Structure formats: C-alpha cells, structure tokens
Amino acid sequence: MSTAELSEQEVIRRNSLAKLRELGIEPYPAEEFPVNAKTAVIKAEFEPEKQNFQEVVLAGRIMSRRIMGKASFAEIQDDSGRIQLYINRDEICAGEDKTLYNDVFKKLLDIGDIIGVKGFAFTTQVGEKSVHVKELVLLSKSLRPLPIVKEKDGKVYDAFTDMEQRYRQRYVDLVVNPQVKDAFIKRTKIVNTMREMFNEHGYLEVETPILQSIPGGAAARPFITHHNSLNIPLYLRIANELYLKRLIVGGFEGVYEFAKDFRNEGMDRTHNPEFTVMEIYVAYKDYKWMMNFTEEMVERVALALHGKTELQVGDKMIDFKRPYPRVTMYEAIKEHTGYDIAGKSESELREICDKLEIENDPTMGKGKLIDEIFGEKCEHHYIQPTFIIDYPVEMSPLTKKHREHPELTERFELMVNGKELANAYSELNDPIDQRERFEDQMTLSEKGDDEAMFIDQDFLRALEYGMPPTSGMGIGIDRLTMFMTNNLSIQDVLFFPQMKPEKKADADSDEKFESAGIPGEWIEVLRKMGFKKVDALKEVKAGKLFNDLCGYNKKNKLGLQNPSMEEVTGWTA
RNA sequence: GACUCAGUAGCUCAGCUGGUAGAGCACAUCCCUUUUAAGGAUGGGGUCCUGGGUUCGAACCCCAGCUGAGUCACCA
C-alpha cells in the first residue's frame with residue numbers, strides 16, 4: 001500500500017514504525033511476555049499499607065496519554081479493565097541515554113499500541129491507584145488511530161456509536177466500548193450454565209451435520225450449496241432435530257447440541273441468517289416433563305448471570321422465576337379474540353381470519369391460519385414467561401398427537417416479551433403417522449407453501465426401527481442472550497452480524513493504469529487525487545494535471561521524480 | 001420489499017435563506033516532574049457518500065444510486 005491513500009495519522013504511525021526499527025526496536029517481537037497481574041485485580045486489591053503488588057508485570061493497549069515533561073501518565077487496558085501508569089523519564093532511562101523516554105515513549109508510541117510494563121503499584125496524590133513503571137517494552141505497534149472515547153462520572157464523551165462501523169469492525173467496538181464485551185461474556189456464561197446442567201443429567205453433547213442433502217426439522221427456506229466431487233446440491237441445515245432423533249433411535253437416552261442453523265430469510269433486529277439454537281432430546285420423557293426442565297433451565301441461567309430472576313428487558317421487568325403459566329393455544333385465542341376455534345374447519349377459520357382482519361390466502365392450510373391468528377392477536381400479550389401448549393396438528397408435523405385431543409399435538413412454546421424463546425414437544429415416534437404428516441407437508445408444498453418440509457426417507461427408516469418416547473426442546477441462544485443482557489437487537493449479541501459486503505472503490509486496476517503508460521509510483525498519487533479511472537484523465541488539461549501532480553508531490557513530500565510535461569501529455573491523450 | 005431518517009476531518013458532531021468548510025477530542029511542533037473527560041501554546045488535516053441536474057455559484061435545492069438505522073411487511 002502506498003502512502004498516498006493513507007490518512008495523515010496513518011502515515012505518521014508508519015513513519016514511527018520505521019524509526020523504531022532504525023533504533024533497533026522490533027515493533028512486533030516474537031518472544032513471550034509473561035504477565036503476572038491484571039489491571040482490575042490491582043485496582044481492586046492494592047492497599048498501600050499492605051505493600052502488595054510491588055513487582056507487577058502487565059501488558060495491554062495504551063488507551064490514553066498525558067505527557068508532562070519528564071513525567072507522563074498513560075492508561076493501559078487489558079482484558080480485565082484499565083489502570084493508570086506513571087512513567088518517569090529518569091526511571092525508565094537509568095543512564096545518560098534518554099531515548100526510550102524522549103523519543104520512543106513520547107514520540108514513537110501512540111494510543112492503541114500494545115506494550116508491556118514492569119513496576120509497582122502506588123497511589124497518586126489525587127488518590128488513583130496506579131502502576132509506577134520501571135521498565136517498558138513495545139509488544140505491538142498500532143498503525144490505525146482508534147476512536148477516543150472518554151468518560152467522566154458515568155458520562156461518555158465522543159462515544160463510538162456508528163452502528164455500521166461497530167458491527168463491521170467489532171474489534172474496534174470491543175476495544176473502545178468496554179460494556180460491549182459484557183454481553184458476550186454473559187452469552188458464554190449462558191451456554192456454560194446450560195451445558196453444566198445437561199451434563200449433570202448425564203446427557204451427551206454431540207455434533208451433527210451442517211451440510212445436509214435434505215434440509216429437515218423445521219419450516220424455513222434453506223441456503224443451498226453444491227458439492228463438487230459428489231456433484232449434488234447440499235443445504236445448510238435449518239435445524240438438527242432429525243439427526244438428534246436418529247441418535248435417540250441409536251440408543252442414546254439424552255443428546256444435545258449447540259448448533260448453528262442457517263435460514264435464507266429476512267434480516268432484522270431479531271433475525272440473522274445464521275443463528276444458534278440449542279436442541280436437546282431426552283428419551284422416556286414427555287412435553288410436560290420438558291416444561292419443568294425448561295423453566296428450571298431458564299431460571300438457572302438468570303440466576304447464574306444476575307443472581308436474581310427479575311430482569312429489566314427494554315422498558316419491562318420480566319421475572320424468570322418458575323413455574324411459568326401454561327396456556328393452551330385455543331385458550332389463548334379465545335381469550336384474545338373471543339373466538340373458540342376448537343373443531344373449526346379450514347373455511348370456518350378463514351372466515352374468522354377475515355373478521356379479525358388477518359390476511360390470508362389459499363395456500364394457507366388450517367395450521368397456518370391458526371398460527372396467523374395466534375401470531376397476530378395473541379403472541380405479543382405474553383410478556384412474562386408463559387408456556388403456550390397444545391398446538392394444532394397441522395402446524396406441528398414432527399409432534400406426537402395429544403393424548404386426549406387427536407386434533408392437537410403435545411407441543412409447547414415458551415413465550416417471553418411477546419416472542420418465541422423455546423419450542424418443544426413430545427416427539428412423534430409413530431413411523432406411519434410421521435410418513436402421513438410428511439405427505440401432508442408435500443400437499444402444502446404443492447399448494448405453494450415454500451417452507452413446507454421435505455420427506456426425509458432415511459429419517460422415516462430410522463423411526464421404523466423404533467424410537468423410544470422422547471421429548472425434545474429447542475431454544476434460541478441469540479434470543480435468550482438478548483433477554484438476559486437486555487439487548488433489543490440480535491446484532492448486539494453476535495460478534496459478527498451479517499452485513500452487506502463493504503463497497504469496493506470503483507477504480508481501475510494498476511495494470512490498466514500501466515497500460516496507459518503511467519509509471520507505477522504515480523498510480524496511487526493519481527487515485528488519491530481523485531482519478532480512479534484512466535478515462536478520467538482524458539477529461540482534464542495536461543498542463544493542469546502536470547502542475548497538480550508536481551504540487552502534490554512537493555506538498556506531501558513524496559520525493560518522487562516529477563514526470564515531464566510530455567509524459568503527462570501522453571497519459572491524457 | 002415499502003416508507004421515514006441519516007451519511008461533512010481518525011472519532012463525535014455543528015454548518016442559517018444557496019455565497020471561500022467549522023468545533024471538541026485525536027494528530028504534529030515547542031514548553032512543562034503527580035495529572036483526572038481537560039497541563040499550556042501554536043499548527044496541519046476534507047472526494048462534504050456517489051453520479052447527474054438546476055444555478056453566475058451547491059455540503060445545502062431536485063432526480064437517481066450506494067450504505068446504514070428505524071417502522072412496517074415477509075419470516076420464528
């Protein structure tokens with residue numbers, strides 16, 4: 001990269017890098033730097049009268065500097081937080097040679113550089129716990145300026161807030177917005193808490209295929225890809241349910257997986273094309289057992305993170321303390337619309353939809369119509385954790401029929417803050433029934449429902465060998481994390497949310513410039529001056545271009561040999 | 001996909017009715033031995049998102065596009 005397309009601050013940092021090397025300082029040293037302390041621990045535990053932390057070794061990023069003649073203050077940030085450093089010229093430069101302080105620290109180091117220090121803890125006159133530096137070493141030079149975020153009394157100045165930049169350059173977001181890390185640390189804690197609980201029960205964590213030739217287990221549009229040597233299409237999984245159930249057939253009595261699923265659908269603040277779901281299947285259980293298990297799990301996660309069950313989510317307080325109310329879907333619809341839909345036919349349901357002003361079309365079957373009514377009129381009412389149970393059979397093709405009501409299934413969804421958080425059922429293990437349900441899905445598909453499920457013959461074969469009665473549950477880890485960290489956007493709980501690719505500058509290649517007779521060293525200069533395309537040169541007068549080029553060369557001290565007027569005339573011809 | 005809003009220095013943002021592009025922080029130079037978002041002084045830094053149009057003149061007005069955010073639709 002030539003200096004022509006760098007900002008002034010980047011050029012200065014690259015020059016500093018070169019000067020460091022001239023001084024014999026390697027800006028990217030290879031050897032390990034063994035630290036023996038964390039900033040947060042020193043801040044929390046240092047007490048002057050105890051004389052502790054008198055030989056600390058710290059490493060981290062310089063986040064601020066205040067140079068006051070022969071003494072300076074800086075802040076260093078490690079993964080636990082920040083602490084102030086006191087750096088005195090004559091202490092880090094014991095002899096006559098003051099280069100390390102005067103040149104290296106004061107001039108060649110910048111905010112963002114990663115350094116290591118040795119020294120001792122002390123308290124400044126203003127009362128701030130700090131580290132008095134005796135030795136300082138550069139561990140990694142930073143070539144780009146960081147956004148500088150300052151904070152006083154909880155008030156943040158010049159915060160780095162641009163969503164696009166925060167998501168595209170999450171590394172910068174994490175460096176300068178420490179509270180961002182917290183959501184991700186909690187996310188891992190959620191997963192660890194769940195895993196701990198499952199392992200205590202003796203359930204086995206497993207991995208199943210992400211590339212599937214039949215995308216099953218859910219109703220969604222998949223991503224499609226292609227395997228070259230098999231020459232077949234493959235789909236990125238939309239769920240792992242059918243594979244986990246095969247493992248139950250195989251004799252495992254409890255399996256679970258934290259799985260990345262992929263759905264080729266819309267993106268908004270609650271949907272990312274790839275997202276994480278935990279699915280668990282336990283043999284010899286039913287959905288009633290699973291409800292108890294689920295609420296125990298959610299409560300346990302809340303307690304592990306916050307030590308309490310009542311949490312702020314947006315403008316609402318949500319209490320994750322179990323037990324959660326259980327409301328049948330028919331009750332929910334009756335309560336919020338006044339209609340009793342039990343035993344209603346498809347055309348009767350369509351009428352009800354019309355009266356409720358719910359959009360519907362002929363491709364929608366009974367299940368979809370009921371789903372619409374619930375989604376439109378009921379879902380958003382369930383703010384506190386609530387199990388919605390006993391879904392119509394048409395919308396649950398993998399679920400066992402209800403033991404008492406044959407038109408219903410033994411299914412529940414856990415609703416929180418008006419959103420689905422978990423979905424579970426007594427798994428359908430009757431292979432004949434399962435085949436019929438798949439065939440019904442095919443009918444829906446033929447009617448135009450592009451989300452209806454495919455028939456997975458191998459899965460049916462597995463069921464025919466016999467699957468024990470089993471209950472399974474899936475829970476969206478991203479959504480759970482949103483609730484548990486009070487983030488309203490899925491992008492705030494994903495390190496790298498999906499974004500459109502960054503726009504490349506629409507510019508001609510070096511080769512194209514060269515073939516127009518322009519020497520390599522001038523190509524970047526021309527681009528920096530705004531000539532991204534060779535053709536753009538033809539629209540300016542050679543004389544003006546010649547003057548501008550020589551002027552740019554001089555102004556930016558590029559030290560290039562100016563081209564002749566004749567040469568420039570040739571470029572613009 | 002529809003609508004609304006936004007895009008100006010490395011970052012956060014001003015910029016009036018269309019008249020030579022501004023501030024704070026950051027950066028550079030000089031001075032200065034415990035400062036607290038801030039030590040002092042001076043200075044450099046811009047494709048005003050892109051492309052058209054209107055105009056004597058556009059960061060500003062109009063049209064189209066790109067990117068993002070929000071609302072809705074679709075979707076769990």
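Chain letters run A, B, ... following the sequence lines, proteins first, then strands; residues in each count from 1. The model shown is predicted, which means the values in this text are computed figures rather than measured ones.
Of the listed nucleotides (B:rU34, B:rG10, B:rC75), B:rU34 has the atom at the smallest distance from the side chain of A:Met68. Taking only side-chain atoms of A:Lys107, from C-beta outward, the nucleotide of B:rA37, B:rU12, B:rC30 with the closest atom is B:rC30. Distances from the side chain of A:Met163 to the nucleotides B:rG68, B:rA28, B:rC32 place B:rG68 closest. Checking B:rC75, B:rU36, B:rA26 against every side-chain atom of A:Arg66, the shortest atom distance belongs to B:rU36. Of all nucleotides listed (B:rU12, B:rC74, B:rA76), B:rC74 comes nearest to the side chain of A:Arg221. Distances were taken from every side-chain heavy atom of A:Met499 (C-beta onward) to each of B:rC25, B:rC27, B:rG68; the shortest belongs to B:rG68. Which of B:rA38, B:rA76, B:rU67 sits closest to the side chain of A:Arg168 comes down to B:rU67. In this structure, of B:rA26, B:rA28, B:rA76, it is B:rA28 that holds the atom nearest to the side chain of A:Ile12. Closest to the side chain of A:Asp268, from the set B:rU35, B:rC27, B:rC74, is B:rC74. For A:Glu164, the listed nucleotide lying nearest its side chain is B:rG68; candidates were B:rU71, B:rA76, B:rG68.
Residue A:Lys419 qualifies as open at atom NZ: its count of foreign heavy atoms under 6.0 Å is 12 or below.
At a cut-off of 3.5 angstrom, counting only N and O atoms as typed in the model, there is no donor on one side facing an acceptor on the other between the side-chain of A:Ser72 and the base of B:rU33.
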Yes or no on side-chain contact (heavy atoms from CB on, under 4.5 Å) for A:Leu108 and A:Lys141, after CA distance, side-chain angles and deciding distance? CA-CA 9 Å; A:Leu108 303 179; A:Lys141 178 76 192 151; 5.7 Å; no
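With P as the reference atom, B:rC25 and B:rG65 are 41 Å apart, rounded to whole Å. Straight-line distance between the P atoms of B:rU33 and B:rG22: roughly 36 Å, to the nearest whole Å. Spacing of P atoms, B:rC63 relative to B:rU4, comes out at 11 Å, to the nearest Å.
In this structure, the side chains of A:Glu91 and A:His132 come closer than 4.5 Å at one or more pairs of heavy atoms.
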